[in-house]
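Data first, discussion second: the structure below is written as structure tokens.
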Amino acid sequence: MKSPPQVSRRGKPAAPFIRRSRIQSGRPYPLGATWDGLGVNFAIFSSTATKVELCLFDPEGKKEIERIELPEYSDEIFHGYLPDARPGWIYGYRVHGPYEPDAGHRFNPNKLLLDPYAKAHVGALQWDQSIFGYTIGSPDGDLSFDERDSAQFVPKARVVDSAFTWGEDRRPRIPWESTIFYETHVKGFTQRHPSVTDTDRGKFAALMNSDVVAYIKSLGVTSVEFLPIHSFVDDSYLVDKGLRNFWGYNTLGFFAPDPRYLTGPSINEFKEVVAAFHHANLEVILDVVYNHTAEGNENGPTISFKGIDNTTYYRLMPDNPRYYINDTGTGNTVNTSHPRVMQLVMDSLRYWAGEMRVDGFRFDLATILAREPTGFSEESSFLHACQQDPLLSQVKLIAEPWDCGPGGYQVGRFPPGWAEWNDGYRDTVRAFWRGDDAMAPQLADKISASADIFDKRGRKPWASVNFITAHDGFTLHDLVCYNDKHNEANGEDNRDGHSHNLSNNYGHEGPSDDAELTELRFRQLRNFFGTLLFSRGTPMLLAGDEFARTQGGNNNAYAQDNEIGWIDWDVTDEGRDLAQFVQKLIRLRQALPMLRRGRFLHGDYDEDLGVKDVAWITPAGVEFEDADWDDSNTRCLGVLVDGRAQSAGIRRVGTDATMLLVFNAHHDVVNFRLPAAAGGINWRMVIDTNQPEQDELPSFEFETEYMVTGRSFLVFLLEPEENGQISAEAERSFTYVSEAFMHAAVERVRFALTEEREKSG
């Protein structure tokens with residue numbers, strides 16, 4: 001590793017010096033750079049390349065110091081073994097082959113390429129013209145051939161040592177029915193946290209801070225879902241505007257964590273995060289982007305896959321392979337129909353689930369992964385591969401079941417074992433609480449886990465991931481403060497982002513000092529959380545919503561790596577009270593088996609058991625009839641969930657506590673008659689979003705007319721009768737709820753231990 005390559009006058013690297021006796025044949029498997037304790041095996045797939053050169057760099061990744069041709073080609077794998085190579089070595093590839101864009105081939109050995117299997121990346125992409133395989137500005141466009149060397153402008157790969165001591169680490173293995181997702185961003189969550197040191201802010205290390213972990217744990221969520229952490233690229237048009245790709249949906253490598261989240265060169269920092277979360281019984285879920293890469297279309301750069309085997313890695317137009325199929329809206333689409341590309345995705349998933357011990361994945365634009373050349377298929381090779389895999393079939397798999405390609409919307413079409421983001425739930429709940437017409441029937445369906453969509457093939461209610469907000473769109477606070485998006489900071493004249501937000505500012509756009517308006521807005525926030533956490537299905541919260549975080553009306557903060565995108569931990573008193581209320585709701589959900597049963601609600605009467613699983617109640621205290629459902633002005637309804645209904649596949653009377661939920665989206669008070677219910681003596685009010693800070697559970701007799709405040713949500717629990725048929729079990733549930741209620745009422749959410757220290761002196 002002493003002789004630098006010769007460089008021609010035009011800047012094109014000349015033929016390197018090669019010590020042929022040094023390189024050995026090695027093995028075609030595993031792909032990537034693998035340290036075996038003695039040396040490193042290098043293996044890279046390409047079905048049409050003619051030669052692959054391994055390029056070695058100095059420790060800073062700045063200077064190419066040696067170039068070695070991989071000597072063997074086995075089963076379309078180029079491979080070689082360096083006995084003196086060690087972890088920490090920095091490398092890239094130059095791949096030779098035909099440059100025939102009209103035939104789909106874009107080989108250009110002047111472009112240094114990232115190993116698709118690299119476990120660690122060094123450096124960041126710089127948008128120089130030399131990183132493109134064609135000559136920018138040429139009249140021939142992408143048909144031209146650029147001879148400039150790109151090495152100094154592209155990230156490189158680093159050889160890693162995978163050794164790590166996990167100690168007594170154990171996966172939490174949270175049951176699906178008990179799962180509550182908490183979606184957040186590594187940097188956005190920690191950059192402004194008061195307990196995190198300056199060196200750790202925005203890094204994986206910040207997630208190991210005891211205050212950060214304690215806060216998440218005290219809230220009661222079970223599974224933290226991180227926006228993409230795979231190595232990604234800042235888009236050139238964002239860099240030109242002084243912005244960055246904050247969310248990270250522009251992946252460059254499927255195995256490497258992005259260097260911007262590491263405090264040093266070791267990828268073990270991420271493993272330490274997983275271990276810390278597991279110790280707190282919290283799951284780690286990764287948002288993964290396998291549907292496209294950062295190389296764009298025919299006009300994009302050549303930095304990895306495009307220069308290694310373009311016709312294999314990407315879906316190209318069948319009648320003109322110069323151009324890319326763009327089902328993702330980002331320029332290219334990864335070709336998972338090819339077995340080697342499918343292997344790449346599956347190897348990546350197994351690496352993160354096995355080596356990194358993550359507990360599940362949320363697949364961005366998952367429809368694309370399940371799309372064959374003929375279209376989306378429930379029997380696609382990708383879905384089959386996940387189902388049969390002994391490791392992946394045991395972790396949580398969550399689909400974003402849509403993309404912008406033909407037939408791209410596939411909510412409810414993923415197979416058993418998968419959960420899916422349910423955007424219909426989001427839109428219905430937003431529209432109902434906004435007061436839109438004719439939303440009662442849809443709300444009834446959605447809070448029952450969307451049985452019309454998911455109740456098939458033995459799927460369970462948890463298959464519906466219910467959410468009201470996510471990273472993409474308004475925060476919950478902004479949903480009740482803005483009628484319109486305010487994305488001016490994105491530099492696109494406010495044209496980007498969705499305009500169909502189903503939001504309401506209640507008479508004033510943006511922040512307000514009006515106490516009455518503020519109270520209404522916070523009551524609506526409590527209504528949203530109450531609906532979410534008392535619906536069947538798997539709830540997902542957006543981090544910061546629980547204390548009314550704002551993005552100033554920006555509903556597309558994908559490029560806002562700043563105070564807009566970062567969570568502000570200077571929380572108001574109203575925000576702290578809201579977080580306390582959310583904590584209470586979560587504890588109640590976990591204390592009530594009725595909310596987590598593995599059966600959908602249909603409203604059918606079971607003649608053998610003499611029980612109806614759910615009844616929909618009018619304000620008059622009687623069951624809904626067709627005319628009530630047909631009335632577009634219906635904005636108040638009750639949901640009576642009978643604890644005696646069959647709770648599992650075994651046909652017997654259930655023993656859970658019975659609940660009555662009341663939803664009032666009307667702007668004014670509605671007198672609601674509390675119906676009689678079998679197995680109980682009266683109703684105890686557990687939640688009233690108009691009275692969030694209760695210190696007792698008031699009792700109400702049957703047929704009492706309760707004045708339900710306009711725009712409010714209520715939960716009543718049936719107090720079981722003494723010596724009743726299910727008294728013991730129902731009493732136990734009732735006691736659990738009482739204890740959970742009181743516990744939540746006295747324990748504050750732990751925002752930061754540093755605050756407690758400051759207050760104590």
Side-chain angles (χ1 to χ4, degrees), residues 220 429 432-433 435 440 443 447 468 476 480 506 515-535 546 548 574-589 591-592 594-595 616-621 635-641 657-675 677 680 682-719 733-734 736-746:
V429 173
F432 175 81
W433 284 114
L443 180 74
I447 65 176
I468 301 169
L476 202 63
V480 299
Y506 302 99
E516 186 175 344
L517 176 58
T518 298
E519 168 52 31
L520 169 59
R521 287 174 170 177
F522 271 86
R523 187 163 70 251
Q524 285 287 61
L525 296 182
R526 294 190 289 270
N527 293 338
F528 282 126
F529 278 118
T531 304
L532 178 64
L533 290 162
F534 277 78
S535 296
E546 70 274 13
E574 293 90 348
R576 290 176 180 275
D577 290 341
L578 180 63
Q580 185 77 5
F581 182 77
V582 173
Q583 181 200 49
K584 180 191 301 183
L585 292 176
I586 291 175
R587 291 186 182 277
L588 290 174
R589 178 182 178 87
L592 287 167
M594 175 63 68
L595 296 171
W616 311 97
I617 309 298
T618 72
R635 288 178 172 79
C636 182
L637 70 156
V639 185
L640 181 60
V641 187
T658 293
M659 291 186 303
L660 174 66
L661 313 179
V662 179
F663 301 81
N664 181 23
H666 188 52
H667 68 275
D668 205 352
V669 171
V670 172
N671 290 327
F672 195 99
R673 186 179 299 275
L674 303 179
N682 55 42
W683 292 106
R684 287 291 186 97
M685 187 183 72
V686 179
I687 294 292
D688 182 344
T689 55
N690 188 51
Q691 304 175 54
E693 297 185 7
Q694 305 176 83
D695 54 7
E696 60 180 7
L697 304 180
S699 176
F700 297 91
E701 296 180 355
F702 297 152
E703 305 302 324
T704 298
E705 284 203 354
Y706 189 95
M707 295 180 64
V708 180
T709 305
R711 300 191 178 102
S712 63
F713 168 77
L714 297 91
V715 178
F716 294 89
L717 199 64
L718 186 67
E719 185 171 359
S733 290
F734 184 80
Y736 284 167
V737 168
S738 300
E739 291 176 351
F741 181 94
M742 295 308 296
H743 185 59
V746 298

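Minimum interatomic distance between Thr689 and Phe581 (heavy atoms only, all atoms of both residues): CG2-CZ, 4.0 Å. Of all heavy-atom pairs between Arg684 and Ser699, the closest is NE-CB, 3.4 Å. Minimum interatomic distance between Met685 and Tyr706 (heavy atoms only, all atoms of both residues): SD-OH, 3.0 Å. Listed here is the closest heavy atom pair of Pro698 and Gln694: CD-OE1, 3.7 Å. Minimum interatomic distance between Pro675 and Phe702 (heavy atoms only, all atoms of both residues): O-CD2, 3.6 Å. Nearest heavy atom pair, residue Ala657 against residue Leu717, reads CB-CD1, 3.9 Å.
Put simply, the side chain of Lys584 never gets that close to the backbone of Glu693: no donor and acceptor are under 3.5 Å apart. Remark: the backbone N or O of Gly710 is paired with a side-chain donor or acceptor of Arg523 at under 3.5 angstrom. With hydrogens and angles ignored, the 3.5 Å screen pairs no side-chain donor or acceptor of Trp683 with any backbone N or O of Thr704. Using a distance-only test at 3.5 Å, with no hydrogens or angles considered, no donor-acceptor pair links the side chain of Arg711 to the main chain of Leu520. Side chain of Arg589 to main chain of Ser535: a donor-acceptor pair is present (N/O by atom type, distance under 3.5 Å, no hydrogens or angles).
Using a 4.5 Å cut-off on side-chain heavy atoms (C-beta onward), Met659 and Leu718 make no contact. In this structure, the side chains of Leu476 and Phe529 come closer than 4.5 Å at one or more pairs of heavy atoms.
A donor atom on one side chain and an acceptor atom on the other are not found under 3.5 Å apart for Asn690 and Ser712. In this structure, a donor-acceptor pair under 3.5 Å is present between the side chains of Gln524 and Asn527. A side-chain N or O of Thr531 and one of Trp433 form a donor-acceptor pair less than 3.5 Å apart.
For the atom pair CG of Leu697 and CD1 of Ile687, the computed distance is 9.0 Å after rounding to the nearest 0.5 Å. To the nearest 0.5 Å, atoms CD1 (Ile617) and CG (Leu661) are separated by 11.0 Å. Taken to the nearest 0.5 Å, the SG atom of Cys636 stands 9.5 Å off from the CG atom of Asn671. Atom CG of Leu640 and atom CG of Leu660 lie 6.0 Å apart (nearest 0.5 Å). Here CG of Leu443 is found 6.0 Å from CG of Leu637. Values are rounded to the nearest 0.5 Å.
Annotation: Glu703, atom CD; neighbour count of heavy atoms from other residues, nucleotides and ligands within 6.0 Å is above 12.
Checked against salt bridge (charged side-chain N to carboxylate O under 4.0 Å, His left out), Glu574 has no partners two or more places apart in sequence or in another chain.
A salt bridge links Glu519 with Arg526: the closest approach of a Lys/Arg side-chain nitrogen to an acidic carboxylate oxygen falls below 4.0 angstrom.
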task: Could you walk me through whether Thr658 and Val641 pass the side-chain contact (heavy atoms from CB on, under 4.5 Å) test, one step at a time?
output: CA-CA 6 Å; Thr658 293; Val641 187; 6.0 Å; no
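Aromatic pair Phe663/Phe713: centroids less than 6.0 angstrom apart.
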